[in-house]
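Okay, so here's the structure we're looking at.
These figures come from a predicted structure and were not determined experimentally.
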Amino acid sequence: MATTPVLPAAFPDTPPSPAGGRSRWVPAAVASLVVLSGVVSAALIPRGPVTGTQVVVLLIVATLVGGLAGWGVRTRWMVVAAPVLHLAGWELARATVFGLDGPTFGRPRFDVTLGVLVFLAVHVMYVVVACLPMLLGVVGGRVWRRRPARRAGIWSAVVLLVVGTLGLLLVRPGTAEPAPGGVATMTKVRLGGADQWVSIRGDSAGNPVLLHLSGGPGSSDVGWVRTFNQPLEEHFTVVVWEQRGAGKSYPAVDPTAALTLDRLVSDGLELTAWLSRRFAEPKIYLTGNSWGSTLGVLMAQRRPDLFHAFVGTGQMVSQRETDLRLYRQLTAYADRTGDRGLRQRLAALGAPPYRDVLGYALVMEYYDAVEPYEPVPAFAAARGLSGFFPDEYSVLDTWNELRGFADMGGLLYPRIQGVDFRRDVPRLDVPVYFMQGRHELTARSALADEWIAQLRAPVKRVYEFADSGHNPDAEEPGRYNDLLVSTVLAETYRR
(Lines give C-alpha, C1' and ligand atoms only; values in the text may rest on other atoms or scores of the structure.)
Protein backbone atom coordinates (compact mmCIF):
# COMPACT_ATOMS: atom_id res chain seq x y z
CA MET A 1 0.00 0.00 0.00
CA ALA A 2 1.44 3.29 -1.10
CA THR A 3 2.10 5.87 1.51
CA THR A 4 1.87 9.62 1.00
CA PRO A 5 5.15 11.34 1.70
CA VAL A 6 4.98 13.91 4.44
CA LEU A 7 7.05 17.05 3.99
CA PRO A 8 8.80 18.43 7.04
CA ALA A 9 7.11 21.48 8.49
CA ALA A 10 8.89 24.76 8.14
CA PHE A 11 10.45 26.03 11.30
CA PRO A 12 8.46 28.97 12.67
CA ASP A 13 11.52 31.15 12.90
CA THR A 14 12.71 30.52 9.35
CA PRO A 15 13.65 33.94 7.95
CA PRO A 16 11.79 35.08 4.81
CA SER A 17 13.56 34.74 1.54
CA PRO A 18 15.35 37.80 0.23
CA ALA A 19 12.96 37.97 -2.74
CA GLY A 20 9.90 37.87 -0.49
CA GLY A 21 11.23 40.62 1.75
CA ARG A 22 12.14 42.75 -1.19
CA SER A 23 8.67 42.36 -2.65
CA ARG A 24 7.25 43.91 0.51
CA TRP A 25 9.51 46.86 1.22
CA VAL A 26 10.46 48.03 -2.27
CA PRO A 27 6.94 49.12 -3.32
CA ALA A 28 6.46 50.92 -0.02
CA ALA A 29 9.82 52.66 -0.34
CA VAL A 30 9.14 53.70 -3.92
CA ALA A 31 5.67 54.99 -3.04
CA SER A 32 7.15 56.99 -0.17
CA LEU A 33 9.78 58.45 -2.49
CA VAL A 34 7.12 59.50 -5.00
CA VAL A 35 5.01 61.18 -2.32
CA LEU A 36 8.13 62.87 -0.92
CA SER A 37 8.94 64.23 -4.37
CA GLY A 38 5.54 65.95 -4.39
CA VAL A 39 6.12 67.40 -0.92
CA VAL A 40 9.56 68.72 -1.89
CA SER A 41 8.06 70.24 -5.03
CA ALA A 42 5.43 72.00 -2.92
CA ALA A 43 8.16 73.37 -0.65
CA LEU A 44 10.23 74.69 -3.56
CA ILE A 45 7.50 75.81 -5.99
CA PRO A 46 4.20 76.02 -4.10
CA ARG A 47 2.63 78.12 -6.89
CA GLY A 48 3.79 75.55 -9.42
CA PRO A 49 6.55 76.35 -11.90
CA VAL A 50 6.57 80.06 -12.73
CA THR A 51 9.83 80.32 -14.70
CA GLY A 52 11.21 78.42 -17.66
CA THR A 53 14.03 77.02 -15.52
CA GLN A 54 11.55 75.66 -13.00
CA VAL A 55 9.53 74.01 -15.79
CA VAL A 56 12.59 72.29 -17.24
CA VAL A 57 13.86 71.10 -13.84
CA LEU A 58 10.42 69.77 -12.88
CA LEU A 59 10.09 67.91 -16.18
CA ILE A 60 13.47 66.25 -15.70
CA VAL A 61 13.01 65.34 -12.04
CA ALA A 62 9.47 64.03 -12.58
CA THR A 63 10.65 61.84 -15.46
CA LEU A 64 13.55 60.43 -13.40
CA VAL A 65 11.36 59.73 -10.36
CA GLY A 66 8.85 58.03 -12.63
CA GLY A 67 11.60 55.98 -14.24
CA LEU A 68 12.83 54.81 -10.84
CA ALA A 69 9.29 53.88 -9.81
CA GLY A 70 8.70 51.92 -13.00
CA TRP A 71 11.99 50.08 -12.69
CA GLY A 72 11.65 49.32 -8.98
CA VAL A 73 8.02 48.14 -8.81
CA ARG A 74 6.66 45.41 -11.03
CA THR A 75 2.96 46.20 -10.88
CA ARG A 76 1.56 47.95 -13.91
CA TRP A 77 -0.60 50.06 -11.60
CA MET A 78 2.47 52.14 -10.85
CA VAL A 79 1.90 53.85 -14.21
CA VAL A 80 -1.13 55.53 -12.62
CA ALA A 81 -0.13 55.31 -8.95
CA ALA A 82 3.13 57.28 -9.23
CA PRO A 83 1.62 60.45 -10.79
CA VAL A 84 -1.36 60.28 -8.44
CA LEU A 85 0.82 59.89 -5.34
CA HIS A 86 3.11 62.73 -6.44
CA LEU A 87 0.15 65.01 -7.13
CA ALA A 88 -1.44 64.12 -3.79
CA GLY A 89 1.80 64.98 -1.98
CA TRP A 90 2.09 68.31 -3.79
CA GLU A 91 -1.55 69.32 -3.32
CA LEU A 92 -1.69 68.35 0.34
CA ALA A 93 1.62 69.98 1.24
CA ARG A 94 0.85 73.27 -0.56
CA ALA A 95 -2.60 73.39 1.02
CA THR A 96 -1.30 72.90 4.56
CA VAL A 97 2.40 73.44 5.24
CA PHE A 98 3.66 75.52 2.30
CA GLY A 99 0.61 77.60 1.42
CA LEU A 100 1.09 81.22 0.33
CA ASP A 101 -1.29 84.14 0.02
CA GLY A 102 -3.52 84.49 -3.00
CA PRO A 103 -6.61 82.97 -4.64
CA THR A 104 -4.52 80.32 -6.38
CA PHE A 105 -4.21 78.68 -2.95
CA GLY A 106 -7.94 78.72 -2.26
CA ARG A 107 -10.24 75.77 -2.73
CA PRO A 108 -11.26 75.15 -6.36
CA ARG A 109 -14.36 77.07 -7.46
CA PHE A 110 -16.35 76.19 -10.56
CA ASP A 111 -19.35 78.49 -10.15
CA VAL A 112 -17.60 81.42 -11.87
CA THR A 113 -15.48 81.49 -15.02
CA LEU A 114 -12.42 82.84 -13.23
CA GLY A 115 -12.55 79.94 -10.78
CA VAL A 116 -12.44 77.46 -13.67
CA LEU A 117 -9.53 79.32 -15.29
CA VAL A 118 -7.59 79.35 -12.02
CA PHE A 119 -8.12 75.61 -11.64
CA LEU A 120 -6.80 75.04 -15.16
CA ALA A 121 -3.84 77.39 -14.75
CA VAL A 122 -2.75 75.95 -11.40
CA HIS A 123 -3.85 72.35 -10.93
CA VAL A 124 -4.21 71.11 -14.51
CA MET A 125 -0.99 72.93 -15.45
CA TYR A 126 0.86 71.05 -12.71
CA VAL A 127 -0.53 67.75 -13.96
CA VAL A 128 0.84 68.52 -17.42
CA VAL A 129 4.29 69.61 -16.22
CA ALA A 130 4.84 67.03 -13.44
CA CYS A 131 2.43 64.11 -13.68
CA LEU A 132 2.53 63.53 -17.43
CA PRO A 133 6.35 63.22 -17.61
CA MET A 134 6.27 61.06 -14.47
CA LEU A 135 3.82 58.71 -16.18
CA LEU A 136 6.11 58.52 -19.20
CA GLY A 137 9.05 57.91 -16.89
CA VAL A 138 7.25 54.96 -15.25
CA VAL A 139 6.61 53.45 -18.70
CA GLY A 140 10.28 53.86 -19.58
CA GLY A 141 11.40 52.33 -16.28
CA ARG A 142 9.16 49.31 -16.78
CA VAL A 143 10.56 48.79 -20.26
CA TRP A 144 14.12 48.86 -18.94
CA ARG A 145 13.22 46.21 -16.38
CA ARG A 146 11.46 43.81 -18.75
CA ARG A 147 12.86 44.32 -22.24
CA PRO A 148 16.22 43.78 -23.97
CA ALA A 149 18.60 46.68 -23.71
CA ARG A 150 18.16 47.68 -27.36
CA ARG A 151 14.40 47.89 -27.14
CA ALA A 152 14.64 49.65 -23.80
CA GLY A 153 16.99 52.21 -25.34
CA ILE A 154 14.49 52.92 -28.11
CA TRP A 155 11.68 53.40 -25.60
CA SER A 156 13.86 55.69 -23.51
CA ALA A 157 14.62 57.80 -26.56
CA VAL A 158 10.89 58.07 -27.25
CA VAL A 159 10.19 59.16 -23.67
CA LEU A 160 12.96 61.75 -23.78
CA LEU A 161 11.71 63.05 -27.13
CA VAL A 162 8.16 63.44 -25.86
CA VAL A 163 9.23 65.13 -22.61
CA GLY A 164 11.67 67.38 -24.46
CA THR A 165 8.99 68.38 -26.96
CA LEU A 166 6.60 69.14 -24.10
CA GLY A 167 9.20 71.34 -22.44
CA LEU A 168 9.88 73.18 -25.69
CA LEU A 169 6.19 73.84 -26.24
CA LEU A 170 5.80 75.20 -22.73
CA VAL A 171 8.80 77.53 -22.51
CA ARG A 172 9.61 78.41 -26.13
CA PRO A 173 9.80 82.22 -26.13
CA GLY A 174 7.20 84.20 -28.00
CA THR A 175 8.16 86.44 -30.86
CA ALA A 176 7.97 90.22 -31.10
CA GLU A 177 6.87 91.44 -34.51
CA PRO A 178 9.93 93.22 -35.94
CA ALA A 179 10.01 96.98 -36.49
CA PRO A 180 12.50 97.60 -39.33
CA GLY A 181 14.77 100.49 -38.45
CA GLY A 182 13.16 100.87 -35.03
CA VAL A 183 12.89 98.93 -31.78
CA ALA A 184 10.77 95.86 -31.00
CA THR A 185 11.71 93.92 -27.89
CA MET A 186 10.57 92.40 -24.62
CA THR A 187 13.02 93.51 -21.95
CA LYS A 188 13.49 92.60 -18.29
CA VAL A 189 14.01 95.54 -15.91
CA ARG A 190 14.84 95.45 -12.20
CA LEU A 191 12.24 97.55 -10.37
CA GLY A 192 11.85 97.71 -6.61
CA GLY A 193 14.12 94.70 -6.18
CA ALA A 194 12.06 92.51 -8.57
CA ASP A 195 12.52 91.56 -12.22
CA GLN A 196 9.67 92.95 -14.33
CA TRP A 197 9.09 92.93 -18.08
CA VAL A 198 8.28 95.64 -20.58
CA SER A 199 7.38 95.54 -24.24
CA ILE A 200 9.10 98.32 -26.20
CA ARG A 201 8.06 99.04 -29.78
CA GLY A 202 8.52 101.99 -32.12
CA ASP A 203 9.57 102.96 -35.63
CA SER A 204 12.32 105.22 -34.29
CA ALA A 205 14.11 105.24 -30.96
CA GLY A 206 14.24 109.03 -31.29
CA ASN A 207 10.49 109.44 -30.89
CA PRO A 208 8.94 110.54 -27.58
CA VAL A 209 8.25 107.70 -25.14
CA LEU A 210 4.73 106.60 -24.19
CA LEU A 211 4.29 104.31 -21.18
CA HIS A 212 0.99 102.39 -21.05
CA LEU A 213 -0.36 101.01 -17.76
CA SER A 214 -2.56 97.92 -18.07
CA GLY A 215 -5.75 97.28 -16.12
CA GLY A 216 -6.49 94.61 -13.58
CA PRO A 217 -4.65 94.56 -11.22
CA GLY A 218 -2.86 91.62 -12.79
CA SER A 219 -3.76 92.09 -16.47
CA SER A 220 -1.44 92.62 -19.40
CA ASP A 221 -2.18 94.77 -22.46
CA VAL A 222 0.91 93.73 -24.42
CA GLY A 223 -1.11 92.03 -27.17
CA TRP A 224 -3.96 94.53 -27.16
CA VAL A 225 -1.80 97.62 -27.53
CA ARG A 226 0.06 96.07 -30.45
CA THR A 227 -3.23 94.96 -32.04
CA PHE A 228 -5.26 98.15 -31.64
CA ASN A 229 -2.71 100.93 -31.20
CA GLN A 230 0.16 99.94 -33.47
CA PRO A 231 -0.16 103.17 -35.54
CA LEU A 232 1.13 105.02 -32.47
CA GLU A 233 4.51 103.36 -33.03
CA GLU A 234 5.07 105.74 -35.94
CA HIS A 235 5.04 108.69 -33.53
CA PHE A 236 5.98 107.22 -30.12
CA THR A 237 8.21 104.59 -28.63
CA VAL A 238 5.36 102.61 -27.07
CA VAL A 239 6.14 100.81 -23.80
CA VAL A 240 3.73 98.37 -22.12
CA TRP A 241 4.67 97.46 -18.57
CA GLU A 242 4.00 93.99 -17.19
CA GLN A 243 3.57 95.06 -13.55
CA ARG A 244 4.84 92.78 -10.78
CA GLY A 245 2.58 89.75 -10.53
CA ALA A 246 1.22 90.19 -14.07
CA GLY A 247 2.02 88.18 -17.21
CA LYS A 248 5.73 87.58 -17.66
CA SER A 249 6.29 89.40 -14.34
CA TYR A 250 4.20 86.87 -12.38
CA PRO A 251 7.26 85.46 -10.53
CA ALA A 252 7.53 88.87 -8.81
CA VAL A 253 4.21 88.24 -7.02
CA ASP A 254 6.28 87.02 -4.07
CA PRO A 255 6.88 88.25 -1.47
CA THR A 256 3.22 89.18 -1.26
CA ALA A 257 3.89 91.62 1.57
CA ALA A 258 5.48 93.91 -1.04
CA LEU A 259 2.24 94.14 -3.04
CA THR A 260 1.14 97.54 -1.83
CA LEU A 261 -0.20 100.52 -3.72
CA ASP A 262 2.84 102.56 -2.74
CA ARG A 263 5.17 99.84 -4.05
CA LEU A 264 3.42 99.74 -7.44
CA VAL A 265 3.56 103.53 -7.73
CA SER A 266 7.27 103.46 -6.86
CA ASP A 267 7.88 100.69 -9.41
CA GLY A 268 6.20 102.80 -12.08
CA LEU A 269 8.29 105.84 -11.26
CA GLU A 270 11.49 103.76 -11.31
CA LEU A 271 10.50 102.49 -14.74
CA THR A 272 9.81 106.04 -15.90
CA ALA A 273 13.29 107.13 -14.81
CA TRP A 274 14.82 104.09 -16.55
CA LEU A 275 13.00 104.91 -19.79
CA SER A 276 14.07 108.54 -19.60
CA ARG A 277 17.70 107.49 -19.29
CA ARG A 278 17.53 104.83 -21.99
CA PHE A 279 15.91 107.07 -24.60
CA ALA A 280 17.41 110.40 -23.47
CA GLU A 281 13.97 111.93 -22.88
CA PRO A 282 13.56 114.12 -19.77
CA LYS A 283 9.80 113.46 -19.75
CA ILE A 284 7.55 110.74 -21.12
CA TYR A 285 3.83 110.30 -21.82
CA LEU A 286 1.65 108.21 -19.52
CA THR A 287 -1.55 106.37 -20.44
CA GLY A 288 -3.62 104.05 -18.29
CA ASN A 289 -6.81 102.03 -18.61
CA SER A 290 -9.04 100.99 -15.70
CA TRP A 291 -6.72 100.00 -12.81
CA GLY A 292 -3.93 101.49 -14.92
CA SER A 293 -5.72 104.84 -14.77
CA THR A 294 -5.65 104.66 -10.95
CA LEU A 295 -1.95 103.89 -10.97
CA GLY A 296 -1.25 106.55 -13.58
CA VAL A 297 -2.99 109.32 -11.66
CA LEU A 298 -1.02 108.51 -8.52
CA MET A 299 2.27 108.41 -10.45
CA ALA A 300 1.54 111.77 -12.07
CA GLN A 301 0.49 113.23 -8.71
CA ARG A 302 3.72 112.14 -7.01
CA ARG A 303 6.16 113.11 -9.79
CA PRO A 304 4.53 115.48 -12.30
CA ASP A 305 7.98 116.61 -13.46
CA LEU A 306 8.51 113.23 -15.18
CA PHE A 307 5.52 113.43 -17.54
CA HIS A 308 4.44 115.47 -20.54
CA ALA A 309 0.81 114.47 -19.98
CA PHE A 310 -1.49 111.80 -18.58
CA VAL A 311 -4.20 110.12 -20.66
CA GLY A 312 -6.87 108.09 -18.86
CA THR A 313 -9.37 105.66 -20.38
CA GLY A 314 -11.94 103.73 -18.38
CA GLN A 315 -11.00 106.17 -15.64
CA MET A 316 -11.39 104.83 -12.11
CA VAL A 317 -11.95 107.12 -9.12
CA SER A 318 -12.97 104.94 -6.17
CA GLN A 319 -12.97 101.17 -6.57
CA ARG A 320 -14.95 100.67 -3.38
CA GLU A 321 -17.73 103.11 -4.26
CA THR A 322 -17.92 101.69 -7.79
CA ASP A 323 -18.28 98.17 -6.41
CA LEU A 324 -21.01 99.24 -3.97
CA ARG A 325 -23.00 100.84 -6.78
CA LEU A 326 -22.58 97.79 -8.98
CA TYR A 327 -23.77 95.54 -6.17
CA ARG A 328 -26.92 97.63 -5.76
CA GLN A 329 -27.49 97.66 -9.52
CA LEU A 330 -27.09 93.90 -9.81
CA THR A 331 -29.37 93.30 -6.83
CA ALA A 332 -32.03 95.49 -8.44
CA TYR A 333 -31.54 93.62 -11.72
CA ALA A 334 -32.07 90.27 -9.99
CA ASP A 335 -35.26 91.57 -8.35
CA ARG A 336 -36.51 93.11 -11.60
CA THR A 337 -35.97 89.98 -13.66
CA GLY A 338 -37.09 87.54 -10.96
CA ASP A 339 -33.71 85.80 -10.94
CA ARG A 340 -33.99 84.16 -7.52
CA GLY A 341 -30.77 82.19 -7.95
CA LEU A 342 -28.76 85.35 -8.58
CA ARG A 343 -30.50 87.12 -5.72
CA GLN A 344 -29.56 84.31 -3.35
CA ARG A 345 -25.95 84.32 -4.52
CA LEU A 346 -25.71 88.08 -3.98
CA ALA A 347 -27.25 87.78 -0.53
CA ALA A 348 -24.72 85.10 0.38
CA LEU A 349 -21.92 87.22 -1.05
CA GLY A 350 -22.89 90.33 0.88
CA ALA A 351 -22.03 93.92 0.00
CA PRO A 352 -18.45 94.69 -1.04
CA PRO A 353 -15.63 94.58 -0.25
CA TYR A 354 -15.99 90.85 -0.91
CA ARG A 355 -14.17 88.04 0.86
CA ASP A 356 -12.20 87.06 -2.23
CA VAL A 357 -11.61 88.03 -5.84
CA LEU A 358 -14.15 85.49 -7.10
CA GLY A 359 -16.90 87.62 -5.62
CA TYR A 360 -15.85 90.44 -7.94
CA ALA A 361 -15.59 87.92 -10.78
CA LEU A 362 -19.23 86.94 -10.24
CA VAL A 363 -20.37 90.55 -10.54
CA MET A 364 -18.19 91.07 -13.64
CA GLU A 365 -20.04 88.29 -15.44
CA TYR A 366 -23.21 90.41 -15.29
CA TYR A 367 -21.84 93.73 -16.57
CA ASP A 368 -23.42 93.27 -19.99
CA ALA A 369 -26.74 92.30 -18.42
CA VAL A 370 -26.89 95.30 -16.08
CA GLU A 371 -26.10 97.88 -18.76
CA PRO A 372 -26.10 96.16 -22.16
CA TYR A 373 -24.58 97.66 -25.28
CA GLU A 374 -23.27 96.29 -28.56
CA PRO A 375 -19.46 96.64 -28.81
CA VAL A 376 -17.88 97.28 -32.17
CA PRO A 377 -17.20 93.98 -34.02
CA ALA A 378 -13.40 94.15 -33.93
CA PHE A 379 -13.36 94.66 -30.17
CA ALA A 380 -16.05 92.04 -29.57
CA ALA A 381 -13.95 89.50 -31.48
CA ALA A 382 -10.77 90.36 -29.55
CA ARG A 383 -12.02 90.60 -25.99
CA GLY A 384 -12.29 87.63 -23.68
CA LEU A 385 -9.59 84.97 -23.49
CA SER A 386 -7.83 86.08 -26.69
CA GLY A 387 -6.08 88.80 -24.69
CA PHE A 388 -4.22 86.07 -22.78
CA PHE A 389 -2.44 84.77 -25.89
CA PRO A 390 -0.27 87.52 -27.39
CA ASP A 391 2.48 86.53 -29.80
CA GLU A 392 5.08 87.68 -27.29
CA TYR A 393 4.05 84.97 -24.82
CA SER A 394 5.09 81.37 -24.31
CA VAL A 395 2.50 78.90 -23.02
CA LEU A 396 4.01 79.36 -19.56
CA ASP A 397 3.55 83.14 -19.83
CA THR A 398 -0.14 82.62 -20.61
CA TRP A 399 -0.52 80.37 -17.57
CA ASN A 400 1.24 83.04 -15.54
CA GLU A 401 -1.10 85.77 -16.73
CA LEU A 402 -4.14 83.72 -15.73
CA ARG A 403 -2.64 83.03 -12.31
CA GLY A 404 -1.50 86.64 -11.97
CA PHE A 405 -4.93 88.05 -12.79
CA ALA A 406 -6.41 86.02 -9.93
CA ASP A 407 -3.59 86.50 -7.42
CA MET A 408 -3.07 90.22 -8.02
CA GLY A 409 -6.81 90.80 -7.90
CA GLY A 410 -7.03 88.90 -4.63
CA LEU A 411 -3.93 90.40 -3.05
CA LEU A 412 -3.74 94.00 -4.27
CA TYR A 413 -7.38 94.93 -4.89
CA PRO A 414 -8.28 94.84 -1.18
CA ARG A 415 -5.35 97.18 -0.54
CA ILE A 416 -6.71 99.95 -2.80
CA GLN A 417 -10.16 100.11 -1.22
CA GLY A 418 -9.29 103.36 0.55
CA VAL A 419 -8.52 105.25 -2.67
CA ASP A 420 -10.96 108.02 -3.63
CA PHE A 421 -9.67 110.67 -6.01
CA ARG A 422 -12.56 113.01 -5.13
CA ARG A 423 -10.85 113.38 -1.76
CA ASP A 424 -7.22 112.44 -2.45
CA VAL A 425 -6.43 114.11 -5.80
CA PRO A 426 -7.89 117.61 -6.05
CA ARG A 427 -5.22 118.68 -8.55
CA LEU A 428 -2.65 117.31 -10.99
CA ASP A 429 0.27 119.42 -12.16
CA VAL A 430 0.40 117.86 -15.63
CA PRO A 431 -1.92 118.19 -18.64
CA VAL A 432 -4.64 115.54 -18.41
CA TYR A 433 -6.80 114.03 -21.14
CA PHE A 434 -9.72 111.76 -20.36
CA MET A 435 -11.25 109.56 -23.05
CA GLN A 436 -14.52 108.16 -21.78
CA GLY A 437 -16.87 105.67 -23.42
CA ARG A 438 -20.53 106.68 -23.67
CA HIS A 439 -21.47 103.13 -22.68
CA GLU A 440 -19.20 102.97 -19.64
CA LEU A 441 -20.92 101.53 -16.58
CA THR A 442 -22.56 104.41 -14.71
CA ALA A 443 -21.03 103.09 -11.47
CA ARG A 444 -17.71 104.19 -12.95
CA SER A 445 -18.60 107.09 -15.23
CA ALA A 446 -20.66 109.04 -12.67
CA LEU A 447 -17.73 109.06 -10.26
CA ALA A 448 -15.31 110.00 -13.05
CA ASP A 449 -17.53 112.90 -14.14
CA GLU A 450 -17.77 114.14 -10.55
CA TRP A 451 -14.02 114.00 -9.96
CA ILE A 452 -12.98 115.43 -13.33
CA ALA A 453 -15.35 118.38 -12.87
CA GLN A 454 -13.57 119.42 -9.66
CA LEU A 455 -10.03 118.48 -10.73
CA ARG A 456 -7.57 121.32 -11.28
CA ALA A 457 -4.86 120.85 -13.92
CA PRO A 458 -2.89 123.08 -16.33
CA VAL A 459 -4.77 121.45 -19.23
CA LYS A 460 -7.89 119.32 -18.79
CA ARG A 461 -9.78 117.87 -21.71
CA VAL A 462 -12.52 115.25 -21.85
CA TYR A 463 -13.54 113.34 -24.99
CA GLU A 464 -16.58 111.09 -25.29
CA PHE A 465 -16.36 108.00 -27.48
CA ALA A 466 -19.87 107.26 -28.75
CA ASP A 467 -19.34 103.57 -29.53
CA SER A 468 -17.21 102.61 -26.54
CA GLY A 469 -17.63 101.27 -23.04
CA HIS A 470 -14.70 100.74 -20.68
CA ASN A 471 -11.96 100.53 -23.34
CA PRO A 472 -12.08 103.41 -25.84
CA ASP A 473 -8.42 102.81 -26.72
CA ALA A 474 -9.37 99.37 -28.09
CA GLU A 475 -13.02 99.89 -29.06
CA GLU A 476 -12.43 103.01 -31.17
CA PRO A 477 -8.69 102.83 -31.71
CA GLY A 478 -8.65 105.03 -34.81
CA ARG A 479 -10.00 108.05 -32.98
CA TYR A 480 -7.97 107.31 -29.85
CA ASN A 481 -4.71 107.02 -31.80
CA ASP A 482 -5.47 110.20 -33.74
CA LEU A 483 -6.19 112.19 -30.58
CA LEU A 484 -2.92 111.10 -29.00
CA VAL A 485 -0.99 112.31 -32.03
CA SER A 486 -2.94 115.33 -33.28
CA THR A 487 -3.95 116.73 -29.89
CA VAL A 488 -1.96 115.35 -26.94
CA LEU A 489 1.41 115.19 -28.70
CA ALA A 490 0.86 118.42 -30.63
CA GLU A 491 -0.13 120.39 -27.50
CA THR A 492 2.42 119.11 -25.02
CA TYR A 493 5.63 117.84 -26.59
CA ARG A 494 8.65 120.03 -26.04
CA ARG A 495 12.17 118.59 -26.14
*Decide whether Gln243 and Ser249 meet the rule of one side-chain donor and one side-chain acceptor closer than 3.5 Å.*
no

*Checking side-chain contact (heavy atoms from CB on, under 4.5 Å) for the pair Arg244/Leu259: CA distance, chi angles, key distance, verdict?*
CA-CA 8 Å; Arg244 65 170 67 212; Leu259 294 177; 3.6 Å; yes

_By ring pair (Phe, Tyr, Trp, His ring centres under 6.0 Å) - contacts of Tyr413 (at least two apart)_ = Tyr360

_When you compare the side chain of Thr237 with that of Leu210, does any pair of heavy atoms fall below 4.5 Å?_
no

*Contact list for residues 205-218, test salt bridge (charged side-chain N to carboxylate O under 4.0 Å, His left out), sequence neighbours left out*: none

*Is any side-chain heavy atom of Val159 less than 4.5 Å from a side-chain heavy atom of Thr63?*
yes

*asked:* One pair to check against side-chain contact (heavy atoms from CB on, under 4.5 Å): Phe98 and Val39. What are the steps and the verdict?
replied: CA-CA 9 Å; Phe98 303 111; Val39 173; 4.1 Å; yes

*CG/Asp221 to CZ/Arg226 distance, rounded to the nearest 0.5 angstrom?*
12.0 Å

*What distance separates Leu58 CG from Ile45 CD1, expressed to the nearest 0.5 Å?*
4.5 Å

*Rounded to the nearest 0.5 Å, what's the gap from CG on Asp339 to CD on Gln344? Could you check?*
9.5 Å

_Heavy-atom side-chain proximity of Val225 to Gln230 below 4.5 angstrom_ = no

_Under 3.5 Å donor-acceptor, Thr185 side chain and Ile200 backbone_ = no

_List the residues meeting salt bridge (charged side-chain N to carboxylate O under 4.0 Å, His left out) with Arg403, not counting sequence neighbours, and say none if there are none._
none

*asked:* Does atom CD (Glu234) have a neighbourhood of more than 12 heavy atoms from anything else shown, all under 6.0 Å?
replied: no

*Considering all heavy atoms of both residues, which atom of Trp241 and which atom of Ser214 are nearest to each other, and what is their separation?*
O-OG, 4.0 Å

_List the residues meeting salt bridge (charged side-chain N to carboxylate O under 4.0 Å, His left out) with Arg340, not counting sequence neighbours, and say none if there are none._
none

*Listed partners of Tyr285 passing ring pair (Phe, Tyr, Trp, His ring centres under 6.0 Å), at least two apart*: Phe236, His308

*Are the side chains of Trp399 and Val50 in touch, meaning some heavy atoms are under 4.5 Å apart?*
no

*Check step by step if side-chain hydrogen bond (donor to acceptor under 3.5 Å, both in side chains) holds for Asn289 and Thr313.*
CA-CA 5 Å; Asn289 173 257; Thr313 60; 3.0 Å; yes

*Do you know which of Asn400, Asp397, Leu396, Thr51 makes side-chain contact (heavy atoms from CB on, under 4.5 Å) with Tyr250?*
Asn400

*Please check if the side chain of Thr260 supplies one atom and the backbone of Arg263 the other of a donor-acceptor pair under 3.5 Å.*
yes

_Is it the case that the side chain of Asn481 and the backbone of Phe228 share a donor-acceptor pair, with hydrogens and angles ignored and the cut-off at 3.5 Å?_
yes

*Side-chain donor-acceptor pair under 3.5 Å between Glu392 and Trp197, yes or no?*
no

*Answer yes or no: is there a donor N or O on one side and an acceptor on the other, between the side chain of Ser293 and the main chain of Gly288, under 3.5 Å?*
no

*asked:* Under 3.5 Å, is there a donor on one side chain and an acceptor on the other for Glu476 and Ser468?
replied: yes

_Could you tell me if Arg142 sits above the aromatic ring of Trp144, with its cationic atom closer than 6.0 Å to the ring centre and no more than 45 degrees from the axis?_
no

_side-chain contact (heavy atoms from CB on, under 4.5 Å) between Leu213 and Trp291, worked out_ = CA-CA 8 Å; Leu213 308 176; Trp291 147 250; over 6 Å; no

*Looking only at atom types and distance, does a side-chain atom of Thr322 sit under 3.5 Å from a main-chain N or O of Gln319, one as donor and one as acceptor?*
no

Determine all donor-acceptor pairs shorter than 3.5 Å in which one atom belongs to a side chain in residues 120-135; sequence neighbours excluded.
{"unit_1": "His123", "atom_1": "ND1", "unit_2": "Glu91", "atom_2": "OE1", "d": "3.3"}
{"unit_1": "His123", "atom_1": "ND1", "unit_2": "Glu91", "atom_2": "OE2", "d": "2.7"}
{"unit_1": "Tyr126", "atom_1": "OH", "unit_2": "Ser41", "atom_2": "OG", "d": "2.7"}
{"unit_1": "Tyr126", "atom_1": "OH", "unit_2": "His86", "atom_2": "NE2", "d": "2.7"}

_When you compare the side chain of Leu275 with that of Val239, does any pair of heavy atoms fall below 4.5 Å?_
yes

*Would you please test Leu100 and Asp254 for side-chain contact (heavy atoms from CB on, under 4.5 Å) and show each step?*
CA-CA 9 Å; Leu100 299 175; Asp254 292 310; 3.8 Å; yes

_Side-chain heavy-atom pair Leu362, Leu330 within 4.5 angstrom cut-off_ = no

_Inter- and intrachain pairs under salt bridge (charged side-chain N to carboxylate O under 4.0 Å, His left out), touching residues 190-219, at least two apart_ = Arg190-Asp195, Arg201-Glu233

_Pairwise distance CG(Leu412) to CD(Gln417) - rounded to 0.5 angstrom_ = 10.0 Å

*Just checking, is any N or O donor in the side chain of Asp267 or Gln196 under 3.5 Å from an acceptor N or O on the other one?*
yes

*Judged by atom type as modelled, is there a donor-acceptor pair below 3.5 Å linking the side chain of Asp323 to the main-chain atoms of Leu326?*
no

*With distance as the sole test, does Arg444 use its side chain to make a donor-acceptor pair with the main-chain N or O of Ser290 at under 3.5 Å?*
no

*Partner set under side-chain contact (heavy atoms from CB on, under 4.5 Å) for Ser32, not counting sequence neighbours*: none

Show the atom names and distances, to 0.1 Å, of all donor-acceptor pairs under 3.5 Å that link a side chain in residues 103-119 to residues at least two apart or in another chain.
{"unit_1": "Thr104", "atom_1": "OG1", "unit_2": "Asp407", "atom_2": "OD1", "d": "3.0"}
{"unit_1": "Thr104", "atom_1": "OG1", "unit_2": "Asp407", "atom_2": "OD2", "d": "2.8"}
{"unit_1": "Arg109", "atom_1": "NE", "unit_2": "Asp111", "atom_2": "OD1", "d": "2.9"}
{"unit_1": "Arg109", "atom_1": "NH2", "unit_2": "Asp111", "atom_2": "OD2", "d": "3.2"}
{"unit_1": "Thr113", "atom_1": "OG1", "unit_2": "Glu365", "atom_2": "OE2", "d": "3.0"}

_I'd like to know if the side chain of Ser204 pairs up with that of Asn207 as donor and acceptor (distance under 3.5 Å, no hydrogens or angles considered)._
no

*asked:* Between Asp356 and Leu358 (side chain of the first, backbone of the second, donor and acceptor by atom type, cut-off under 3.5 Å), is there such a pair?
replied: yes

*asked:* Which residues pass the side-chain contact (heavy atoms from CB on, under 4.5 Å) test with Thr96, not counting sequence neighbours?
replied: Leu92

*Are side-chain heavy atoms of Gln54 and Val57 found at a separation under 4.5 Å?*
no

_The criterion is salt bridge (charged side-chain N to carboxylate O under 4.0 Å, His left out); which residues satisfy it with Glu242, sequence neighbours excluded?_
none

*Measuring from Ser37:OG to Leu68:CG, what's the distance to the nearest 0.5 Å?*
10.0 Å

*Under a 4.5 Å cut-off applied to non-hydrogen side-chain atoms, are Val138 and Trp71 in contact?*
no

*Between Phe379 and Trp224, does the ring centre distance come in under 6.0 Å?*
yes

*Non-neighbouring partners of Glu475 that pass salt bridge (charged side-chain N to carboxylate O under 4.0 Å, His left out), sequence neighbours left out*: none

*asked:* Looking at Arg415 and Leu411, would you say the former's side chain and the latter's main chain have a donor-acceptor pair under 3.5 Å?
replied: yes

